[in-house]
Amino acid sequence: MMQIPADIPAWLAIIVALLLICGSLITLVGTLGLLRLPHFYQRIHGPAITITFGAGCFLLASMLYFTALQERPVIHELLITAFIMLTAPVTAMLLMRTAVYRDLRNGRRIADMATDPQPVTGLSATAGAKSSGLMEEPRDRNPE
Amino acid sequence: MKLLLEISLYFSQFCVVLAMLLCMLRLLKGPTAQDRVLALDTIWMCAMLFALLLGISFASLVYFEWAMLIALTGFVSSVALAKFLMRGEIIE
């Protein structure tokens, strides 16, 4: 069972509840983007919302709640905030570079994996790569 | 007012678990390996948020340390997996 004090002040409950609902909806939207967007380079933007705004709302709610509950400033959630702000771009950049390397190595173009079936015309680099045998066939098209 | 906070806590726990389920779907069906790594990273993030929610609902500061540890482990594992996918080895 939850252990919430019964005499919690109204302003605190309202603010914390608002921040919690806002953060959870933003988290849900971010992961829905991860699930629904058609292409990896678009999909990587979904969790960014979760990490920044969702985690920010939750950390702010936690800070406010414990500060008001213990009647002293409880700000060590700022540690998590700083850690996330430092590490999330590193992870995203490494994953993006991984995707670029792997796509280049497999000879896949971005236009091949998009859901848009129209071929991109006027790409002279494609013709050069095709003549050198780099891009015979785009394997593993996106099944969606 | 206690009821309001309880309802919002239950709602946000439900939403975070639903978000983890959506990530799990992407993890299971993701066409490439980097999709799966991204989904795993997001699952770590959602687990951290869930630890924060548990900390609020049980009014205990121990869960804060859980959240810190989960964030740290998630970062290390995601970076290691991304490096492995990029080069085929983790420490060059």
Side-chain angles (χ1 to χ4, degrees), chain A residues 2-10 12-14 16-18 20-21 23-25 27-28 30-32 34-35 40 43-44 46-47 50-51 54-55 58-59 61-62 65-66 69 74 76-77 79-80 83-84 87-88 90-92 94-99 101-103 113 140-144, chain B residues 1-16 18-23 25-26 29-35 37-39 41-43 45-46 48-50 52-53 55-61 63-65 67-68 71-72 74-76 78-79 81-87:
Chain A
M2 297 203 176
Q3 293 169 359
I4 298 170
D7 55 345
I8 184 168
L12 178 69
I14 289 174
V16 170
L18 209 63
L20 284 179
I21 289 175
S24 57
L25 285 182
T27 304
L28 206 55
T31 48
L32 203 62
L34 176 71
L35 187 67
F40 178 76
R43 252 177 243 142
I44 201 167
T50 300
I51 290 170
F58 279 140
L59 290 165
S62 176
Y65 184 70
F66 284 115
L69 209 65
V74 180
H76 51 215
E77 274 84 359
L79 272 177
I80 294 187
F83 186 77
I84 286 177
T87 57
V90 176
T91 312
L94 272 174
L95 272 176
M96 192 76 90
R97 284 178 53 182
T98 304
Y101 276 150
R102 285 169 67 91
D103 284 347
M113 293 185 298
D140 184 21
R141 284 187 170 236
N142 196 339
E144 299 164 8
Chain B
M1 280 306 124
K2 187 187 169 194
L3 185 69
L4 174 71
L5 200 52
E6 273 187 356
I7 290 174
S8 69
L9 274 170
Y10 279 127
F11 175 74
S12 26
Q13 283 178 6
F14 172 75
C15 278
V16 170
L18 195 63
M20 286 168 94
L21 279 181
L22 294 184
C23 289
L25 277 183
R26 174 52 76 191
K29 92 176 183 186
T32 58
Q34 54 262 30
D35 282 305
V37 177
L38 184 61
D41 186 46
T42 317
I43 288 179
M45 240 352 119
C46 290
M48 193 208 74
L49 295 184
F50 197 77
L52 282 177
L53 282 179
I56 294 179
S57 53
F58 291 114
S60 143
L61 284 176
Y63 290 94
F64 162 76
E65 283 143 34
M68 193 80 203
L72 220 140
F75 169 67
V76 172
S78 301
V79 167
L81 277 172
K83 287 285 285 181
F84 179 71
L85 286 184
M86 183 155 59
R87 294 279 190 209

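Below, chains carry the letters A, B, ... as their sequence lines are ordered, and counting in each starts from 1. Here the structure is a predicted model, which is why all the values come from computation and not from measurement. What you see below is based on every heavy atom in this structure, not just the backbone, and it leaves out hydrogens, waters and symmetry mates.
Between Lys2(B) and Ile4(A) the shortest heavy-atom distance is CE-O, 3.2 Å. Closest non-hydrogen pair, Tyr101(A) versus Arg87(B), comes out as OH-NH2, 4.3 Å. In this structure, Ser60(B) and Phe66(A) approach most closely via the heavy-atom pair O-CZ, 3.8 Å. The minimum heavy-atom distance between Ala61(A) and Ile56(B), with the atom names listed, is C-CD1, 4.3 Å. Nearest heavy atoms, Arg43(A) versus Pro31(B): NH1-CD, 4.2 Å. The two residues Ile80(A) and Ala67(B) come nearest to each other via the heavy atoms CD1-CB, 3.7 Å.
Put simply, OG1 on Thr42(B) and CD1 on Ile51(A) are 6.5 Å apart, with the number rounded to the nearest 0.5 Å. Separation of atoms CG (Leu81(B)) and CG (Leu95(A)) is listed at 8.5 Å; rounding is to 0.5 Å. The CG atom of Asp103(A) sits 6.0 Å away from atom CD of Gln34(B), with the distance rounded to the nearest 0.5 Å.
For the set Thr27(A), Leu94(A), Leu34(A), Leu28(A), the entry with the most heavy-atom pairs within less than 4.5 Å of chain B is Leu34(A). Counting heavy-atom pairs closer than 4.5 Å to chain A, the top residue among Val16(B), Ile7(B), Leu61(B) is Leu61(B). Between chain A and the residues Leu9(B), Asp41(B), Leu3(B), the largest count of heavy-atom pairs under 4.5 Å involves Leu9(B).
Of the candidates Ile43(B), Leu22(B), Leu25(B), Leu22(B) is the only one forming a side chain to side chain contact (heavy atoms under 4.5 Å, CB included) with Thr31(A).
Neither the backbone nor the side chain of Leu12(A) comes within contact range of chain B; no heavy atoms are under 4.5 Å apart. With a 4.5 Å cut-off on non-hydrogen atoms, Ile14(A) touches chain B through its backbone and its side chain both. Of the two parts of Leu69(A), only the side chain, counted from C-beta on, holds a non-hydrogen atom closer than 4.5 Å to a non-hydrogen atom of chain B. The contact between Met68(B) and chain A is made by backbone and side chain atoms together, counting heavy-atom distances below 4.5 Å. Heavy-atom distances place the side chain of Leu52(B), and not its backbone, under 4.5 Å from chain A. Looking at Met48(B), only its side chain comes within 4.5 Å of chain A, counting heavy atoms on both sides.
Every residue meeting the side chain to side chain donor-acceptor pair (under 3.5 Å) condition with Ser62(A), not counting sequence neighbours, appears here in chain and number order: Glu77(A). Take Ser8(B) and apply the side-chain contact (heavy atoms from CB on, under 4.5 Å) test, not counting sequence neighbours, and it matches Ala17(A), Leu20(A), Ile21(A), Leu5(B).
Classified by interplanar angle (parallel below 30°, tilted 30° to 60°, perpendicular above 60°), the ring pair Phe83(A)/Phe75(B) is perpendicular.
Using a 4.5 Å cut-off on side-chain heavy atoms (C-beta onward), Leu25(A) and Phe11(B) make contact.
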